[in-house]
Number of protein chains: 2
Amino acid sequence: MESEAKQIFDDYIRERGLKGTAQRDLILSAFLSTEDHLTAEDIHRLVNDSVSHNDFSSDKKHGVGFATVYRTMKLITDSGLAREVIFGDGVSRFEHKYGHPHHHHLICNGCGEITEFSSQKMNEVEKHILKKYSFKAESHHFKIFGLCKNCEESRNQEKQKKSKKNKKMYQEDK
Amino acid sequence: MESEAKQIFDDYIRERGLKGTAQRDLILSAFLSTEDHLTAEDIHRLVNDSVSHNDFSSDKKHGVGFATVYRTMKLITDSGLAREVIFGDGVSRFEHKYGHPHHHHLICNGCGEITEFSSQKMNEVEKHILKKYSFKAESHHFKIFGLCKNCEESRNQEKQKKSKKNKKMYQEDK
DNA sequence: ATCGAAATTGATACTCATTCTCAATTGAGA
DNA sequence: TCTCAATTGAGAATGAGTATCAATTTCGAT
């Protein structure tokens, strides 16, 4: 649960002689509040929106800064609660690691939806590859980009409408 | 072969009403000259080094600019000769696509060595996943980060040497 | 071979995510 | 409470990649 995660972070902070702060609490809570794959900007927004809604802090002059979000997400990642994922669009995202066994991702190029999957068979194939190349894995990630069911269907409908405008078309390798 | 690739690029250029230029030739040649996974900076260096060695162009005032490298690599990618690969270190790399069937990567965190692999079994597992989620793949990429055999061995040796230097140690009461 | 419209180029300014710097503030152990 | 190291926010800095633009080059039409 969320409180377990907070305990883990708290332990991590104390073990290192670091300090607990209101900002770190806010950022961790924001991160834990959803299962989404959040960017630093997402977290920054979540945190500052929630702060402005809390009137107990009406004397607060500043929101939480971007630098603090980045710094804290690094701590949360190092504590083992988060994993950084890179989908190649130039922005890092953070996903839950605690209580979330390793998985891979389907990323929809249409709507951006992210679906997680895992496969025992794939793990076995990977193990075989690693042995073959005498490679010691530290992390691994299979990403499949494409179209989710919904986006594929709506794209087909668009195609029918625009079917006269077929200009550019080259084949993918297969 | 290299000439076939150049023909493909030439065709691509002409089909689009674009122009052939010395810079584009240089950049394509640099890209084709190696099987490495090159960054834009790598290509920029390769191109400008080779130019300075060619005395036929001693009246040339400028080398090929970074912008031209980026622009041309985009063309080469669009022509189907290159594929952009993102290893998550903040820099894009380009690898051969023409004549190189799809594959995945082992990336050594120690020396940076990149090993390519492919697996029919993995393709089958992927096909199964795609069906399960009704997902239409457009691209996919399995990356495994870790240590190659050499780096793993030298890391173990280092560990043995430094095994006495364990100073900092906080109690782990759990 | 020349002409000229259109494409291309290099330099440079810019964007954008992320990191760094630093003075001011804050947390927590003594 | 005191003290001092850790933390903070603001803004500067970084670094990869893109956009802008005047000058240059290409290439098909003449």
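So you know, we letter chains A, B, ... as the sequences are listed, proteins then strands, and number each from 1.
- No salt bridge links D11(A) with R14(A); every basic N to acidic carboxylate O contact stays at or beyond 4.0 Å.
- We find that CD1 of I27(A) is positioned 7 Å from P of dT8(D), with the value rounded to whole Å.
- The CG atom of D25(B) sits 10 Å away from the P atom of dT9(C) (whole-angstrom rounding).
- Ring geometry for F9(A) versus Y12(A): interplanar angle under 30°, hence parallel rather than tilted (30 to 60°).
- The one candidate from H103(B), H104(B), H102(B), H105(B) that meets the ring-ring contact (aromatic ring centres under 6.0 Å, His included) condition with F117(B) is H104(B).
- Between the CG atom of L26(A) and the P atom of dT7(D) there is a distance of 16 Å, rounded to whole Å.
- Taking atom CG of residue L38(A) and atom P of nucleotide dA17(C), one finds them 15 Å apart after rounding to whole Å.
- Residue S92(A) places at least one side-chain N or O under 4.0 Å from the OP1 or OP2 atom of dT18(C).
- Between the NZ atom of K19(B) and the P atom of dG4(C) there is a distance of 15 Å, rounded to whole Å.
- In terms of phosphate contacts, Y70(B) brings no side-chain nitrogen or oxygen within less than 4.0 Å of OP1 or OP2 of dT18(D).
- Taking only side-chain atoms of A40(A), from C-beta outward, the nucleotide of dA5(C), dG27(C), dT18(C) with the closest atom is dT18(C).
- Remark: the S92(B) side chain and the E84(B) side chain contain an N/O donor-acceptor pair separated by less than 3.5 Å.
- Between Q23(A) and dG9(D), a side-chain N or O to OP1/OP2 separation shorter than 4.0 Å is present.
- We find that CG of D42(B) is positioned 11 Å from P of dG17(D), with the value rounded to whole Å.
- Note: CE (M73(B)) to C1' (dT18(D)) measures 16 Å, nearest angstrom.
- In this structure, G17(B) and L18(A) both approach DNA chain C, and ranking their closest nucleotides by distance from the 5' end singles out G17(B).
- For T39(A) and dA17(C), the shortest distance from a side-chain N or O to OP1 or OP2 is not below 4.0 Å.
- For dA7(C), neither phosphate oxygen OP1 nor OP2 lies less than 4.0 angstrom from any side-chain nitrogen or oxygen of R71(B).
- Stems are defined here as 3 or more consecutive Watson-Crick or G-U wobble pairs with pairing distances under 3.5 Å; those involving DNA chain C are C:1-30 with D:1-30.
- Between K74(B) and I13(A), the one whose closest nucleotide on DNA chain D sits nearer the 5' end is I13(A).
- With sequence neighbours left out, E126(B) forms a salt bridge (Lys or Arg N to Asp or Glu O under 4.0 Å) with no residue at all.
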With salt bridge (charged side-chain N to carboxylate O under 4.0 Å, His left out) as the test, would you mind laying out the steps for D10(A) and K6(A) before giving the verdict?
CA-CA 6 Å; D10(A) 221 51; K6(A) 290 193 173 178; over 6 Å; no
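- Checking dT18(C), dG11(D), dA6(C) against the side-chain heavy atoms of A67(A) singles out dG11(D) as nearest.
- The interatomic distance linking R14(B) (CZ) with dA6(C) (P) rounds to 20 Å, in whole Å.
- Under the 3.5 Å distance criterion, the side-chain polar atoms of H44(A) are matched with a main-chain donor or acceptor of V64(A).
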